[in-house]
S.K.: 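Below is the structure I would like to discuss, written out as structure tokens.
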2 protein chains.
Amino acid sequence: MESQRSKSGEVATLKELKREFEPYSGLILDLDGVIWVGERPIAEALEAVKKLRTLGKKMLFVTNNSTRSRRDYEKRLRDLGLEVDINEIMNSGYATALLLKERYGGGRTYVVGEKGLVEELEGQGLQVISREECWDNGADFVVVGMDRGFNYWKIATAMRAIRQGALFIATNADKTFPSEKGLLPGAGTMVAAISTASGKKPDIIVGKPNVHIFEIALKKMNLRKEEVLVIG
Amino acid sequence: MESQRSKSGEVATLKELKREFEPYSGLILDLDGVIWVGERPIAEALEAVKKLRTLGKKMLFVTNNSTRSRRDYEKRLRDLGLEVDINEIMNSGYATALLLKERYGGGRTYVVGEKGLVEELEGQGLQVISREECWDNGADFVVVGMDRGFNYWKIATAMRAIRQGALFIATNADKTFPSEKGLLPGAGTMVAAISTASGKKPDIIVGKPNVHIFEIALKKMNLRKEEVLVIG
């Protein structure tokens with residue numbers, strides 16, 4: 001699994017792309033900062049990806065953003081003119097759901113995160129419980145992602161469950177992310193608050209640059225790491 | 001300024017207290033963990049303090065809790081049978097207000113904290129601004145204390161102002177505190193989130209165990225540190 005930084009502004013010819021990607025059976029493309037920056041798509045990157053698709057390689061679009069579901073991303077990429085399948089999308093929420101399902105089978109999960117994360121976890125059979133239920137009876141997993149509904153009582157509930165033994169899982173640890181409003185707090189900020197209150201660092205951080213999301217991506221693509229090029 | 005841990009369960013005689021406190025003109029008493037634990041007052045400590053008051057020493061009751069105003073504490077201590085004056089109470093909110101007033105004169109202040117903190121800051125002439133006003137025009141100071149109304153957009157607003165140059169002041173950095181509901185997130189948890197998002201540690205942490213609150217306490221008592229015993 002080699003890694004290559006995209007050089008924005010340069011659009012390669014199909015022939016150049018063919019030669020460059022010859023050794024690889026699959027490509028992992030980072031959506032954040034490659035296909036778009038914040039909400040703004042990068043036209044050159046979209047053109048390059050359209051060409052890449054004609055090479056017949058397996059492709060997987062990866063993002064640390066857990067607030068949207070894969071379904072949301074499928075729609076968004078299609079709206080940008082890319083014919084993608086939902087199975088070609090891996091966000092940190094889906095990766096977290098796959099990891100928990102494969103490693104632990106399932107469990108009662110308290111989510112500090114948005115709708116897209118809940119959708120992915122429930123999609124893999126995890127039992128997402130309410131704050132009240134978690135406060136009263138604890139949880140097997142506390143999953144923390146970016147959450148614009150983050151508040152004091154979510155921290156208190158998460159810390160309580162973690163101190164009682166729940167596994168502490170972060171979808172990703174990006175401290176901030178760029179948006180049209182400027183830089184905003186990312187999942188890493190929520191994770192820092194809950195870590196401080198619970199006196200414990202996350203047991204698992206799933207997203208980039210951690211290895212978990214890449215391992216799950218390779219499994220999903222059914223390829224070995226030598227066969228894949230990461231563009232991000 | 002010497003320090004002495006209170007030994008709970010032992011109630012000294014007045015004669016013993018007189019001899020022990022002979023060298024000191026003033027006493028600083030920690031409310032948290034000495035006079036009460038969480039919301040529960042400690043009867044033996046209250047009895048000892050009543051005796052101490054007959055020695056004619058200057059006294060100052062100190063707490064890191066910024067959610068209540070000094071007025072609230074005055075009432076609470078009077079309800080427990082201690083005849084205290086508001087000038088004998090120093091909470092981290094009041095200490096923060098005095099520090100900002102004395103060191104900087106005043107300034108536009110965005111508060112991540114509760115009503116008691118706002119009351120103390122305004123009481124010293126600081127201009128407390130709304131979240132919207134801070135988002136649009138920044139602030140001179142971002143003051144962060146314990147806040148049960150803590151949420152995502154407060155973090156976003158604080159981080160934005162701090163990244164634009166506002167001074168970052170923490171009333172205290174206690175990660176958690178004991179309550180009747182069990183351990184809850186303290187001001188240090190709010191501080192950790194805002195530090196992570198803003199990429200900056202607080203410029204000043206006012207409360208115990210930092211030196212600021214003690215320096216402000218000595219000034220308030222008009223005593224030198226050799227003249228004061230800290231019981232906490």
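Hydrogens, waters and symmetry mates play no part in the numbers below; they use all other heavy atoms, side chains included.
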S.K.: Measure the spacing between NZ of Lys154(A) and CZ of Phe150(B) and express it to the nearest 0.5 Å.
M.R.: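 Going from the NZ atom of Lys154(A) to the CZ atom of Phe150(B) covers 13.0 Å.
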S.K.: In this structure, are over 12 heavy atoms from other groups packed under 6.0 Å from Lys200(A) atom NZ?
M.R.: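 Above 12, so yes.
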S.K.: Any idea which of Ile155(A), Thr176(A), Leu184(A) has the most non-hydrogen atom pairs under 4.5 angstrom with chain B?
M.R.: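 Greatest number of close heavy-atom pairs with chain B: Leu184(A).
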S.K.: Which bit of Lys181(A) comes within less than 4.5 Å of chain B, counting heavy atoms only: side chain, backbone, both or neither?
M.R.: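 Answer is both: backbone and side chain atoms of Lys181(A) are under 4.5 Å from chain B.
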S.K.: Most heavy-atom pairs under 4.5 angstrom with chain B, which of Ala193(A), Ser198(A), Ser195(A), Gly188(A)?
M.R.: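 Going by pairs under 4.5 Å, I would pick Ala193(A).
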S.K.: Tell me whether Arg71(B) at atom CZ has more than 12 heavy atoms from other residues, nucleotides or ligands lying less than 6.0 Å away.
M.R.: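 Result for CZ/Arg71(B): open.
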S.K.: For Ala192(A) and Thr196(B), work out which heavy atoms get closest and say how close.
M.R.: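 Scanning both residues completely, I find the closest heavy atoms to be CB-OG1, 3.1 Å.
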S.K.: For Arg148(A) and Trp153(B), which heavy atoms make the closest approach, and how far apart are they?
M.R.: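 For Arg148(A) versus Trp153(B), the nearest heavy atoms are O-NE1, 3.9 Å.
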